[in-house]
Amino acid sequence: MSLLSLQDVTASYGPAQALFGVSLEIAEGEVLALMGRNGMGKSTTVKAICRMLPTRGTLRFAGRDLGPLSSFRAARLGLGLVPEGRRCFAPLTVTENLIAAARPGHWDMQRISQLFPRLEERRSQVASTLSGGEQQMLAIGRALMTNPRLLILDEATEGLAPLVRAEIWAALTALRTQSDMAILVIDKSLAELRVAADRAVILERGRDVWHGAISALDAKVADRFLGV
């Protein structure tokens with residue numbers, strides 16, 4: 001049984017339609033890469049899942065219909081979002097950011113500190129004074145502190161230095177062995193996704209055009225749907 005299922009989902013920004021019948025599924029404990037060029041509907045799909053815009057079609061999570069739910073009620077079912085652009089609470093400290101939406105479960109302050117030691121070193125520092133990479137670690141840690149069943153990462157390594165990117169990818173890989181939550185990850189780095197993900201779905205102009213094991217995503221498909 002799928003943890004998350006989207007069937008023929010459409011979504012619009014006012015009169016401009018952005019999704020045209022997107023379907024995808026994620027099983028418990030699975031890592032799914034949502035891929036595509038810029039502007040093809042990846043972030044809109046995330047907003048649809050998290051109930052940040054109206055949709056049509058079927059969205060189910062953990063056996064519940066997401067359609068009529070507000071975003072905060074959907075989150076309470078176990079959706080943890082690391083949004084594009086980090087969006088930490090700038091005036092709050094690292095600790096305050098982490099506990100702001102914390103819920104009981106596997107992920108607590110100690111485990112977040114083990115995953116990202118730099119956050120432990122800066123626990124009393126306000127978020128606005130952190131580096132971009134540290135803010136991204138904080139955004140991931142904050143989402144994990146909600147103890148989600150599905151962690152959604154929207155461009156988690158975008159614009160970061162190579163060393164910081166490597167550190168975050170290592171942390172994401174470690175998540176697979178430290179918990180049984182599912183992960184939906186959006187990123188442009190096919191090399192890292194091949195290591196981290198089980199399957200991939202590719203979007204093209206708001207439609208899902210390819211589904212399969214990440215190992216089956218060959219150069220021809222990548223060039224057609226992901227190349228510049």
Side-chain angles (χ1 to χ4, degrees), residues 4 6 19 22 24-27 29-50 79-88 112 115-119 130-144 148 150-179 181-228:
L4 175 72
L6 277 64
L19 299 182
V22 169
L24 62 84
E25 294 189 355
I26 305 175
E30 184 179 34
V31 180
L32 178 71
L34 184 59
M35 307 176 71
R37 299 183 182 93
N38 289 341
M40 293 301 168
K42 303 185 299 297
S43 291
T44 301
T45 300
V46 168
K47 291 177 182 178
I49 294 168
C50 295
L79 294 173
L81 174 62
V82 181
E84 186 177 13
R86 301 162 196 139
R87 303 184 194 178
C88 300
I112 296 299
L115 186 67
F116 293 122
R118 277 202 258 179
L119 294 183
L130 300 176
S131 69
E134 290 163 351
Q135 288 184 19
Q136 188 63 75
M137 294 173 194
L138 180 56
I140 295 171
R142 182 182 59 190
L144 288 173
L150 172 64
L151 179 66
I152 303 173
L153 299 131
D154 192 354
E155 301 285 6
T157 65
E158 181 77 10
L160 301 180
L163 287 176
V164 178
R165 284 172 54 88
E167 190 173 349
I168 289 177
W169 278 113
L172 297 184
T173 301
L175 292 179
R176 302 188 67 174
T177 62
Q178 295 185 21
S179 69
M181 70 182 172
I183 300 175
L184 174 62
V185 57
I186 297 174
D187 202 274
K188 296 182 178 67
S189 178
L190 182 55
E192 278 83 3
L193 288 173
R194 286 193 188 280
V195 176
D198 300 301
R199 293 190 304 112
V201 172
I202 298 177
L203 300 185
E204 175 82 2
R205 298 181 181 179
R207 295 177 170 85
D208 54 291
V209 294
W210 192 91
H211 297 242
I214 194 77
S215 59
L217 204 169
D218 58 25
K220 183 178 179 180
V221 172
D223 183 65
R224 178 180 179 184
F225 295 118
L226 305 176
V228 177

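Since we're looking at a predicted model, the values are computed, not measured. Along the sequence shown, residues carry numbers from 1.
Evaluation of the side-chain contact (heavy atoms from CB on, under 4.5 Å) rule for Arg118 yields Glu121, Arg122, Glu134, Met137, Val164, Glu167 as partners, not counting sequence neighbours. For Glu204, the side-chain contact (heavy atoms from CB on, under 4.5 Å) partners at least two apart in sequence or on another chain are Arg37, Met40, Val209, Phe225.
Contact detail for Val221 and Leu217: the closest heavy-atom pair is CG1-CD2, 4.1 Å. Summarising the geometry of Gly80 relative to Ala143, their closest heavy-atom pair is C-CB, 4.3 Å, with the distance given to 0.1 Å. Closest non-hydrogen pair, Ala182 versus Ala27, comes out as CB-O, 3.5 Å. Shown here for Met35 and Ala200, the closest heavy-atom pair between the two residues is SD-CB, 3.9 Å. Heavy-atom minimum distance, Leu81 versus Pro83: O-CD, 3.4 Å. Of all heavy-atom pairs between Gly141 and Phe116, the closest is N-CE1, 4.4 Å.
Contact annotation: the side chain of Glu25 never approaches that of Glu30 to less than 4.5 Å [non-hydrogen atoms, C-beta and beyond]. Side-chain contact between Thr45 and Val201 is absent, with no heavy-atom pair separated by less than 4.5 Å. Inter-residue side-chain proximity for Lys188 and Asn38 is flagged as met; some heavy-atom pair is nearer than 4.5 Å. Residues Gln136 and Val82 form a side-chain contact, since some pair of their non-hydrogen atoms from C-beta on lies under 4.5 Å apart. Side-chain contact between Leu203 and Thr44: absent, with no pair of heavy atoms (C-beta onward) separated by less than 4.5 Å. Contact check for Leu184 versus Ile49: side-chain heavy atoms found under the 4.5 Å cut-off.
In this structure, CG on Leu172 lies 6.5 Å from CD1 on Ile183, to the nearest 0.5 angstrom. Considering CD1 of Ile168 and CG of Leu160, their distance stands at 5.0 Å, rounded to 0.5 Å. Note that CG of Asp187 and CG of Leu153 are 9.0 Å apart. Values are rounded to the nearest 0.5 Å. To the nearest 0.5 Å, atom CG of residue Leu24 and atom CD1 of residue Ile202 are 13.0 Å apart. The distance from the CG atom of Leu119 to the CD1 atom of Ile112 is 8.0 Å, given to the nearest 0.5 Å. Considering CG of Leu226 and CH2 of Trp210, their distance stands at 9.5 Å, rounded to 0.5 Å.
Of the possible donor and acceptor atoms, none in the side chain of Lys42 sits under 3.5 Å from a partner among the backbone N and O of Leu34. Side-chain N or O atoms of Arg199 include none that pairs as donor or acceptor with a backbone N or O of His211 at under 3.5 Å.
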*May I have the step-by-step check of side-chain contact (heavy atoms from CB on, under 4.5 Å) for Leu115 and Leu144, ending in yes or no?*
CA-CA 11 Å; Leu115 186 67; Leu144 288 173; 3.6 Å; yes

*Would you sort out whether Val31 and Leu175 count as a side-chain contact (heavy atoms from CB on, under 4.5 Å), showing the intermediate values?*
CA-CA 10 Å; Val31 180; Leu175 292 179; over 6 Å; no

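When the shell of 6.0 Å around CZ of Arg194 is examined, it contains more than 12 heavy atoms from other residues, nucleotides or ligands.
Salt-bridge check for Asp154 with Lys47: failed, with every basic side-chain N at 4.0 Å or more from each acidic carboxylate O.
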